[in-house]
Amino acid sequence: MSYSKVTAIVRLDRMEAVEKSLIEAGAQGMTVTQVKGCGEWKDFFNKDWLVTHARVEVFTGAGQAEVLARAIMEAAHTGEEGDGIVAILPVTQLYRIRSKAAGMPEPG
């Protein structure tokens with residue numbers, strides 16, 4: 001089976017909707033971290049221009065990556081600058097540390 005990693009940078013105030021949307025779309029898990037950066041939108045009132053956002057990472061089967069990316073975009077979209085980005089990356093191998101087994105468990 002091939003795997004993908006879906007990574008998104010989204011507004012902090014949209015995270016509850018993003019988490020709910022990912023669960024409804026079938027994500028088996030996710031990692032969320034608070035990050036700072038700037039891209040399309042900069043905070044010119046902050047001396048370093050950086051804006052605080054959330055980074056969401058989900059490892060999934062390659063066939064479900066697009067579904068999860070679209071779920072994130074639907075939940076995070078406000079139509080304003082600074083809504084964020086979503087990237088889908090290929091994963092060459094995935095191991096579970098506890099069992100040392102390759103791959104992800106089957107859903108359910």
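A quick note: this is a predicted structure, and the numbers were derived from the prediction, not measured. Numbers for residues simply follow the sequence, beginning at 1.
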Worksheet item: Which heavy-atom pair separates V18 from A76 by the least distance, and what is that distance?
Response: CG2-CB, 3.9 Å
Worksheet item: Any idea which heavy atoms bring S4 and V91 closest together, and the distance?
Response: C-CG2, 3.7 Å
Item to complete: Kindly work out whether a path of hydrophobic side-chain contacts (I/L/V/M/F/W/Y, heavy atoms less than 4.5 Å apart) joins L89 to V35.
Response: no
Worksheet item: Of the non-hydrogen atoms in G29 and V58, which two are nearest, and what is the gap between them?
Response: O-CG1, 3.5 Å
Worksheet item: Is any side-chain heavy atom of M15 closer than 4.5 Å to a side-chain heavy atom of V56?
Response: yes
Practice prompt. Heavy atoms only: give me the nearest K100-Y95 pair and the separation to one decimal.
Written response: O-CD2, 4.2 Å
Practice prompt. For S21 and A71, indicate whether the former's side chain and the latter's backbone hold a donor-acceptor pair under 3.5 Å.
Written response: yes
Discussion item. In this structure, would V10 and I23 fall into the same cluster of hydrophobic residues linked by side-chain contacts under 4.5 Å?
Written reply: yes
Discussion item. For residues 64-80, which residue pairs pass the side chain to side chain donor-acceptor pair (under 3.5 Å) check, not counting sequence neighbours?
Written reply: T60-Q64, E66-R70, T78-D83
Item to complete: Over all heavy atoms of both residues, which pair between H53 and V51 is shortest? Give the atoms and the distance, please.
Response: CE1-CG1, 3.2 Å
Worksheet item: Is there a donor-acceptor pair closer than 3.5 Å between any side-chain N or O of R11 and the backbone N or O of G84?
Response: no
Response to the item:
On a heavy-atom basis, the closest approach of A17 and A75 is O-CB, 3.5 Å
Item to complete: Please indicate whether Q93 has more than 12 foreign heavy atoms, meaning atoms of other residues, nucleotides or ligands, lying under 6.0 Å from its CD.
Response: yes
Worksheet item: How long is the span from the OG1 atom in T31 to the CD atom in E57, to the nearest 0.5 Å?
Response: 6.0 Å
Worksheet entry | Common cluster, I72/I88, ILVMFWY with side-chain heavy-atom separation under 4.5 Å | yes
Worksheet item: Can you get from F59 to Y3 by hopping between Ile, Leu, Val, Met, Phe, Trp and Tyr side chains that sit under 4.5 Å apart?
Response: yes
Item to complete: Group every Ile, Leu, Val, Met, Phe, Trp and Tyr by side-chain heavy-atom contacts under 4.5 Å, then state whether L68 and M30 land in the same group.
Response: yes
